Each structure stands twice: as structure tokens, then as C-alpha cells.
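Please read the structure below before turning to the comments.
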Amino acid sequence: MSFLYSLDPLFEYRFVPPPFVIDNQTKRRRFSLEKLFLLLSGTDDYVHLTDPASPKFLSSLREQGFDFGLPWSEGEFIPSDCKIKEWGDAHDLVSGNLIPNQNKIAISQYLNSKINQREWKEELGLSPLRTKLLRSEEQLIEFLEDTTFPLVLKGAYGIAGRNHIIIENQSQGWKLQQIAKKLFGFPIYAEEWVGSERILDFSTLWEFREDGPLYLGSTEMIVDIDGSFRGISMSSRKESQLTHVLPRCLEVIKAVYVSSEVKPIGPAAMDGFLFRKDTNVNAQVFSEINFRYSMGRILYEIRKKRLLKEVESGIVFLPLHKIKAFNEEAWLQKIKNEFGSDFFFVTPTADSKGKPFQTIGLYYQLKDGSYNANEMLPSLFQDWMSLA
């Protein structure tokens with residue numbers, strides 16, 4: 001059986017009500033990130049690309065040992081028995097076309113709503129952090145007049161962790177102007193913010209089947225102090241750091257499965273973190289759940305293909321908007337020599353018209369005797385920014 005892999009990173013944007021419109025810069029994110037599904041596909045599969053991949057980029061992936069599926073555009077031939085694997089469940093494959101399935105969309109919208117997920121956490125007592133549901137601007141202002149700071153405001157759809165507003169004190173009330181743009185209006189919820197006390201951000205990976213969730217593994221998220229996502233890493237050592245919280249993760253994911261009005265099928269990632277409070281280390285194992293593929297799941301599948309178990313590997317996203325033109329092969333060889341690890345790009349630098357993307361994905365894989373990642377990544381980021 002063959003599969004059609006289709007990665008639409010704008011999946012959650014489809015749930016945001018009018019008058020929100022996806023701008024062109026955001027739309028171009030798909031041209032970049034959709035190439036990641038090439039790494040998951042096999043030679044009998046097809047990979048949906050809305051912007052062609054350059055022969056140079058495809059050749060670079062083959063050099064790393066990836067035998068991937070045939071790039072495919074809507075309307076082109078595809079076998080009638082081909083099954084679809086999407087970033088998030090939303091379409092049917094019918095006669096070579098991706099047809100929106102409103103029932104699938106409604107289920108994905110329900111499962112991925114952070115408002116619904118907050119309700120599960122409140123009803124089941126699954127979160128150690130204080131939260132407050134706010135249905136209007138009036139409720140929000142009243143709440144802010146008599147609350148404890150810092151806090152973070154979140155909307156129904158986090159858009160891969162990008163859309164939240166951190167308020168550290170009452171003088172930052174001006175940030176409320178961002179609610180319509182960043183949180184897409186009410187309802188929203190406020191949550192106690194412990195960003196400066198976070199020790200470790202992680203994600204547990206799951207596959208939901210007919211009989212419930214199956215645990216696949218854990219990843220560490222590389223996150224800035226403001227909660228911005230920078231990348232993901234995985235190794236046996238990193239998983240061992242989470243051994244003490246995994247039983248709780250399993251309890252929580254099973255409780256969510258039972259509580260949900262619809263039963264999820266397919267991939268999911270439950271994001272959480274460890275944080276200090278009153279000299280104790282606490283665990284928020286369920287910050288949010290993405291009922292779809294994730295960067296962690298992509299890394300997990302790459303590691304399966306490369307037969308990795310012990311060694312650390314990861315994907316980091318580097319900003320391109322300040323970087324001058326550079327020789328990709330020369331820079332990769334430079335950092336390989338400097339850090340003693342393997343590196344290759346998993347997304348291209350530019351689209352098919354030569355217009356640079358905002359970021360580029362870099363895969364790294366440590367070797368015996370190489371730098372450890374905690375030492376390597378800060379130096380790597382510094383080396384990258386020196387290209388500006």
C-alpha cells in the first residue's frame with residue numbers, strides 16, 4: 001500500500017474565524033515545511049508539494065540516505081488505493097484531489113481547541129497552574145485588576161506555540177491590543193506564567209489507535225525564555241530524565257481519551273515542562289496537546305529510519321531574514337569540522353522562484369567524542385548569526 005504525505009503547517013489557521021486572513025508571508029511557510037514529509041515517505045509513496053523542490057535539495061537528501069516518495073501536485077495521477085497521511089486530519093483523497101471533509105475538520109477543531117483542553121484540565125484536576133476562562137474584554141479587565149502576575153494569555157488555537165501574550169505586571173496593559181491579532185478574539189484564558197522558572201520543556205509522543213493511546217517516546221523542546229519554539233531533540237539520555245513523570249503522562253493522556261467527546265485516531269504530541277516553585281520541582285505534563293503530526297514526531301520518524309536509539313539528534317530552526325547569501329556546503333562542512341557532528345538541512349533556503357524563506361531547518365546528530373548539545377547549540381547559533 002502506498003501513502004500520500006501532505007504537510008500543511010497552516011492546519012490550525014483554518015480553524016480561526018473571519019475576519020482573520022492568512023497573509024502571504026505565512027502562506028509561504030508551507031512551501032518550506034512541506035518538504036519535511038519527504039523524509040518520512042518511502043519509495044512507493046507520494047509527497048504533496050505545493051511548491052516544487054529543487055533538484056539540488058532533493059539530491060542533498062538522497063546523499064543522506066533518504067529514499068523518498070514521488071513529489072505530487074493535486075490533479076496528477078495517484079493510485080486509487082493510496083491512503084492519505086496529513087499533518088492534521090482534514091481531507092479525503094478523491095480521484096487525485098484533496099477534498100475538505102467537514103466532519104474531519106470539526107473533529108480536529110474540537111480536539112485541538114486549547115479552550116476545550118483547559119476544560120479537561122479543570123474538570124480532571126490535571127494542571128498545577130492557576131487558570132481563568134475569559135469570555136470578553138470586560139471580564140479580562142476586571143480579572144487583571146485583581147490578579148497575580150506574571151501571567152500568559154492564550155487563545156483557542158496556539159498556532160504551533162506562536163500565539164500567546166505574556167503580561168508581567170499591570171503596566172503592560174498595552175499588550176491587550178494584541179488580542180485580536182495574536183489570539184483571534186475571545187474566548188481566551190489566562191494562566192499563571194512560570195517561564196523564568198522552567199527547567200525543561202518536553203513533549204511526549206503518542207499514536208492513538210482504536211483501543212487508545214500508544215506511547216512512542218519523548219523529546220526535549222528547545223524553547224526561548226518567552227516560550228518561542230527553536231527546535232527539538234531526542235536521545236535515550238534525554239528520555240531517562242523524564243522517567244519519573246512518564247507514569248503521570250500516561251495517566252493524563254488516558255484521562256483525556258476517556259473525557260473527549262470524540263476519540264482521536266492518529267498522531268499526537270502532549271507538551272509539558274518541569275518548573276521550580278517554592279524550592280520544589282513540579283511537572284506540568286499537559287500544557288497542551290496537538291492532535292496531529294509535530295516536529296517531535298518528524299524527528300522520531302527520522303530516527304527510526306536512521307536506526308538511532310542511544311545517540312542524540314535534533315532539528316533546530318535558524319533565522320534566514322538577516323543572513324546574507326552563503327555557500328551551504330561550505331558552511332555545513334565548517335560546522336562538521338568544528339563540532340564533530342553530522343549536519344544537513346531538512347528544509348530549503350528558498351522557494352522555487354529563489355525567494356528566501358524566513359527560517360531553515362537544520363538536522364544535527366552527535367557522534368562519540370563530539371560536543372554535547374548543551375555546549376554545541378549556543379555556539380552553533382552564534383556561528384550562524386555571524387553570517388549576517
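It should be emphasised that the depicted structure is a prediction, and the values quoted were computed from it without experimental measurement.
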What is the distance from atom [atom1] of [X] to atom [atom2] of [Y], rounded to the nearest 0.5 Å?
| X | Y | atom1 | atom2 | result |
| --- | --- | --- | --- | --- |
| Leu362 | Thr347 | CG | OG1 | 9.0 Å |
| Glu12 | Asn290 | CD | CG | 6.0 Å |
| Thr147 | Gln170 | OG1 | CD | 9.0 Å |

If I compare all heavy atoms of [X] with all of [Y], which pair ends up nearest, and what's the gap?
| X | Y | result |
| --- | --- | --- |
| Val311 | Leu366 | CG2-O, 2.9 Å |
| Leu126 | Trp120 | CD1-O, 4.2 Å |
| Leu98 | Glu74 | N-OE1, 2.8 Å |
| Ser235 | Glu310 | CB-O, 3.6 Å |
| Pro378 | Ala373 | CD-O, 4.1 Å |
| Met376 | Ser341 | SD-OG, 4.0 Å |

Is it true that [Y] and [X] share a donor-acceptor pair across their side chains at a distance under 3.5 Å?
| X | Y | value |
| --- | --- | --- |
| Ser259 | Glu123 | no |
| Asp271 | Ser203 | yes |
| Tyr364 | Glu312 | yes |
| Ser171 | Asn169 | yes |
| Asp89 | Ser108 | no |
| His48 | Glu34 | no |
| Arg306 | Gln365 | yes |

Kindly determine whether Phe381 and Arg230 satisfy side chain to side chain contact (heavy atoms under 4.5 Å, CB included), including the steps that lead there.
CA-CA 11 Å; Phe381 291 141; Arg230 293 288 297 274; 3.4 Å; yes
Establish whether Ile265 and Trp206 are linked, either directly or via other cluster members, by ILVMFWY side-chain heavy-atom contacts under 4.5 Å.
no
Between Ile298 and Ile302, is the side chain to side chain contact (heavy atoms under 4.5 Å, CB included) condition met? List the steps.
CA-CA 6 Å; Ile298 287 176; Ile302 291 174; 4.0 Å; yes
Does the separation of the ring centres of [X] and [Y] fall below 6.0 angstrom?
| X | Y | answer |
| --- | --- | --- |
| Phe68 | Phe66 | no |
| Trp331 | Phe343 | no |
| Tyr293 | Phe37 | yes |

Are the side chains of Ile222 and Ile232 in contact, using a 4.5 Å heavy-atom criterion?
no
A side-chain contact here means heavy atoms from C-beta on lying under 4.5 Å apart; do Pro100 and Ile105 qualify?
yes
Test Lys154 against every option in Glu288, Glu191, His164 by the side-chain hydrogen bond (donor to acceptor under 3.5 Å, both in side chains) rule and name the one that passes.
Glu191
Heavy-atom count check: over 12 atoms from other residues, nucleotides or ligands less than 6.0 Å from [X] [atom1]?
| X | atom1 | value |
| --- | --- | --- |
| Lys305 | NZ | yes |
| Glu142 | CD | no |
| Glu137 | CD | no |
| Lys254 | NZ | no |

Could you check whether [X] makes a cation-pi contact with [Y], meaning its NZ or CZ is under 6.0 Å from the centre of the six-membered ring and within 45° of the ring axis?
| X | Y | answer |
| --- | --- | --- |
| Lys35 | Phe57 | no |
| Arg135 | Phe186 | no |
| Lys263 | Phe208 | no |
| Arg248 | Phe286 | no |

Please answer whether the main-chain N or O of [Y] pairs with a side-chain N or O of [X] as donor and acceptor at a distance below 3.5 Å.
| X | Y | value |
| --- | --- | --- |
| Asp146 | Phe143 | no |
| Asn337 | Gln333 | yes |
| Lys114 | Asn112 | yes |
| Glu86 | Tyr5 | no |
| Asp45 | Gly69 | no |
| Lys304 | Leu299 | no |
| Asp278 | Asn280 | no |
| Tyr110 | Glu261 | yes |

Chi angles and distances behind the side chain to side chain contact (heavy atoms under 4.5 Å, CB included) call for Lys238, Met234
CA-CA 6 Å; Lys238 289 181 180 293; Met234 193 173 192; 5.9 Å; no
Walk me through it: do Trp384 and Phe326 pass the test ring-ring contact (aromatic ring centres under 6.0 Å, His included)?
CA-CA 10 Å; Trp384 175 258; Phe326 70 104; 5.2 Å; yes
Test salt bridge (charged side-chain N to carboxylate O under 4.0 Å, His left out) on Asp92 and Lys104; report intermediate values, then the result.
CA-CA 9 Å; Asp92 292 326; Lys104 288 182 178 180; 2.8 Å; yes
Salt bridge flag under 4.0 Å for residues Asp8 and Arg14
yes
Under the salt bridge (charged side-chain N to carboxylate O under 4.0 Å, His left out) criterion, do Lys336 and Asp342 qualify, and how do the steps go?
CA-CA 6 Å; Lys336 286 177 183 178; Asp342 285 335; 5.6 Å; no
Would you sort out whether Asp67 and Arg62 count as a salt bridge (charged side-chain N to carboxylate O under 4.0 Å, His left out), showing the intermediate values?
CA-CA 6 Å; Asp67 295 318; Arg62 291 191 182 97; over 6 Å; no
Please determine whether side chain to side chain contact (heavy atoms under 4.5 Å, CB included) holds for the pair Val281 and Ile199, giving the CA-CA distance in whole Å, both sets of side-chain angles, and the decisive distance to 0.1 Å.
CA-CA 9 Å; Val281 175; Ile199 304 168; 3.9 Å; yes
Criterion salt bridge (charged side-chain N to carboxylate O under 4.0 Å, His left out) on Lys334 and Asp383, from CA distance to verdict:
CA-CA 10 Å; Lys334 175 182 180 296; Asp383 196 297; 2.5 Å; yes
